[in-house]
Amino acid sequence: MKVSELYKDNKKTLSFEIVPPEKNSELSSIDETLDILCELNPDFISVTFGAGGSENCNSTIEVARKIKEKYNIEPVVHLTCLNYSKDEIDLIARQLQQSGVQNILALRGDKVPNVQAKNDFKYASDLIAYMKSKYDFCLLGACYPEGHPESESFVDDIKHLKEKVNSGAEVLLSQLFFDNNYFYDFQEKCKVADIDVPVIAGIMPAISKSQLEKMVSLCGVTIPPQLKRIVHKFSSNKDALFDAGMSYGISQIIDLLTSDVDGIHIYTMNNPMVAKRISTEIHNFI
Ligand code: FAD
C-alpha cells in the first residue's frame, strides 16, 4: 500500500523509525525489536539507509522485506542519493520493487568525509524527480521545522521544500524537535507556501543524555529550558531519566494530536519499549 493513501480520510497516523543492523551484524539481531514494534500495528515502519560510502544497503532492503512479508506492515525505505550514481539508484530501485516495497523516503543524505559525492543527484528533489519519472513508488521527503542546518535562510528552505513537493513528494516527514511551537510555525509557513501534502511530526523522546547531545550536534535542534532541566536533574539516574523523557515526549505528542497534525513518527532508536509506552499512552488520541 502506498502511504499517501492513508491520509485520504484525514486519518492521523502513528509510525516508527528503525535502524537496520550494521554491516557485520546478523540480520536476525533486529527480530526481537521488530516482533514488539509490529505487534503495536503501526501504520508504517521506516528503515534508515546509510549516506553512502562503505555501508551495505542490503540490510535496509532485507529488513523492509521482512516487515512486509513476515509482519504485513508497510515499510518505508529511506534512500539517500548524494553518493550514488543513477545506475546504482536504478539497481536499488529494482531490488526494492522485487521486495514489494512501495514507499521511499527520498533523501539527499549528509556529506560523508573522505567520500567524493557522485554528480548525478545534488539534492533530494533531483532524486524525487528521477524516481517519479521512472518508477511507481510513493515518494516521501524530509522537512525541518527549525530549518535545515545548511540553509542560508528559512525562506530558502521552504522554497526548496516546495520544489521537493512539486517534484513528486506526496508526504513530508519531519526532523525531530522538542518544542512544538517550531512545528506549528512550520505548518503555517507551509500553508503560506502552498505546500499542501501531509506533514508528519518526528518525535524522539529524550531518554538518554548522550543520545540527546548527539542529536543536538548532528541536527542542530533546540533543547527547551524545561527539557534541559529534566536531563540535568536525572542525568545520574538512568531509569528516572527514561521516565521523565518519556513523559515529556508523550505530552508533546498529545499536544500535537489535539492540534492539527497529520501523523506522528517515532524515532524509536531501536528501543521497542519507547514505542510500546507511547502507543499505550496515546491510544485514545489517535
Ligand atoms: P535536501 O532536501 O536536498 O536539502 C539539503 C539542503 O539543500 C537544505 O539546506 C536545502 O534547503 C538545500 N537545497 C535543496 N534544494 C536546493 C536547491 N535547488 N538549491 C540550493 N539549495 C537547495 N540521512 C541518512 O543518511 N540516512 C537516513 O536514513 C536518513 N533519514 C532521515 C529521515 C528524516 C525524517 C530526516 C528529516 C532526515 C534523515 N536523514 C537521513 C538526514 C538527511 O539525509 C540530512 O538531513 C541531509 O543533510 C539532507 O537531506 P534532505 O533529503 O533533506 O536534503
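Both counts, for ligands and for their atoms, begin at 1 and track the order of listing.
Using a 4.0 Å heavy-atom cutoff, Asp156 is absent from the residues neighbouring ligand 1. Put simply, no part of Leu161 is less than 4.0 Å from ligand 1, judged by heavy atoms. Judged by the shortest distance from any of its heavy atoms, Gly202 lies outside the 4.0 Å radius around the atoms of ligand 1.
Between the side chain of Glu146 and the backbone N or O of Thr222, at least one donor-acceptor pair lies under 3.5 Å.
Of the options Tyr123, Tyr144, Tyr267, Phe154, the smallest heavy-atom separation from atom 7 (O) of ligand 1 is shown by Tyr123. Considering each of Leu107, Thr48, Leu172, Leu218, the one bringing a non-hydrogen atom nearest atom 29 (C) of ligand 1 is Leu107. Ranked by closest heavy atom to atom 35 (C) of ligand 1, the top entry among Ala142, Gly141, Gly147, Ala124 is Ala142. Here atom 19 (N) of ligand 1 lies nearest to His160 when heavy atoms of Glu17, Lys164, His160 are compared. Taking only non-hydrogen atoms, the option from Thr80, Asp110, Leu127 nearest to atom 46 (C) of ligand 1 is Asp110.
Under the 4.0 Å criterion applied to side-chain N and carboxylate O atoms, Asp157 and Lys162 are not assigned as salt-bridge partners.
Residue pairs satisfying the ring-ring contact (aromatic ring centres under 6.0 Å, His included) criterion with at least one member in residues 245-267, sequence neighbours excluded, are listed as follows: Phe44-His265, His265-Tyr267. Within the structure, ring-ring contact (aromatic ring centres under 6.0 Å, His included) contacts touching residues 12-39 (residues at least two apart or in different chains) do not occur.
From the protein, the heavy atom lying nearest to atom 43 (O) of ligand 1 is Gly109 CA, 3.0 Å. The closest protein non-hydrogen atom to atom 26 (N) of ligand 1 is Phe49 O, 2.6 Å. Looking from atom 5 (C) of ligand 1 to the surrounding protein, the closest heavy atom is Arg108 NH1, 3.7 Å.
Looking at heavy atoms from C-beta onward, Glu17 lies out of side-chain contact with Ile266 at the 4.5 angstrom threshold. Inter-residue side-chain proximity for Cys81 and Asp120 is flagged as unmet; no heavy-atom pair is nearer than 4.5 Å. Between Leu82 and Phe121 there is no side-chain heavy-atom pair separated by less than 4.5 Å.
Backbone and side-chain nitrogen or oxygen atoms of Asp157 are examined, and one is located within less than 3.5 angstrom of a nitrogen or oxygen of ligand 1. Checked against a 3.5 angstrom limit, the closest N/O atoms of His148 and ligand 1 fall inside it. Polar contact check, Cys143 against ligand 1: no nitrogen or oxygen pair lies under 3.5 Å apart. Every N/O-N/O distance between Lys122 and ligand 1 stays at or above 3.5 Å.
When hydrophobic clusters are built by joining Ile, Leu, Val, Met, Phe, Trp and Tyr residues whose side-chain heavy atoms come closer than 4.5 Å, directly or via intermediates, Ile104 is not grouped with Val197.
The aromatic rings of Tyr144 and His148 sit perpendicular to each other, their planes meeting at more than 60°, with 30° as the lower class boundary.
Counting atoms of ligand 1 from 1 in the listed order, those under 4.0 Å from a heavy atom of Glu163 are 18 (N).
When each of Thr13, Asp262, Asp43 is checked for a side-chain hydrogen bond (donor to acceptor under 3.5 Å, both in side chains) with Tyr7, only Thr13 meets the rule.
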